[in-house]
Amino acid sequence: MAMTLRLPAEMDEALRAAAAEDHRSVQQEVAHAIEDYLARRETEEIKSDPETLRALAEARESVRAGDVVYGVEAARALVRDRDAS
């Protein structure tokens with residue numbers, strides 16, 4: 001999607017300076033800023049949902065209790081152990 005973005009001169013200068021500092025084009029800097037904004041919105045949405053927070057807390061507790069494994073080999077070992085019982 002192509003779009004024209006009109007910014008106040010001061011904001012344009014700040015954006016160009018940030019892009020140069022981050023070694024990005026202005027377009028890349030704008031895209032990065034939008035991605036960051038959307039991610040923060042999603043985070044705020046998650047934080048405002050009690051059911052999601054409860055599920056995250058349960059998942060965190062499962063990790064602490066050792067009920068979570070990481071990696072293919074760990075998962076295969078878990079299945080082998082379960083099948084052997």
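Counting begins at 1 with the first residue of the sequence.
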Query - ILVMFWY cluster, M11 and V26 together (side-chain gap under 4.5 Å) - result: yes

Query raised in the report: So if you build clusters from Ile, Leu, Val, Met, Phe, Trp, Tyr with side-chain heavy-atom gaps below 4.5 Å, do V79 and V72 land together?
Result: no

Reported [atom1]-to-[atom2] distance for the pair [X] and [Y], which is rounded to 0.5 angstrom:
{"X": "L38", "Y": "E45", "atom1": "CG", "atom2": "CD", "answer": "11.5 Å"}
{"X": "H23", "Y": "E29", "atom1": "NE2", "atom2": "CD", "answer": "11.0 Å"}
{"X": "R80", "Y": "E73", "atom1": "CZ", "atom2": "CD", "answer": "7.0 Å"}
{"X": "I46", "Y": "E44", "atom1": "CD1", "atom2": "CD", "answer": "10.0 Å"}

Query raised in the report: Any side-chain heavy atom of E13 sitting closer than 4.5 Å to one from E10?
Result: no

Side-chain donor-acceptor pairs of residues 14-22 under 3.5 Å, sequence neighbours excluded:
unit_1	atom_1	unit_2	atom_2	d
R16	NE	D12	OD1	3.3
R16	NE	D12	OD2	3.0
D22	OD2	R24	NH1	3.4

Query raised in the report: Does the salt bridge (Lys or Arg N to Asp or Glu O under 4.0 Å) test come out yes or no for E51 and R54, once each step is laid out?
Result: CA-CA 5 Å; E51 288 184 37; R54 195 172 311 111; 5.5 Å; no

**Report entry** Cationic N near anionic O, under 4.0 Å, R64 to E61
**Finding:**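 Looking at R64 and E61, the cut-off is met.
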
Requested in this report: Name all residues meeting the side-chain hydrogen bond (donor to acceptor under 3.5 Å, both in side chains) criterion together with D36; count only those two or more places apart in sequence or in a different chain, and write none if there are none.
Outcome: R40

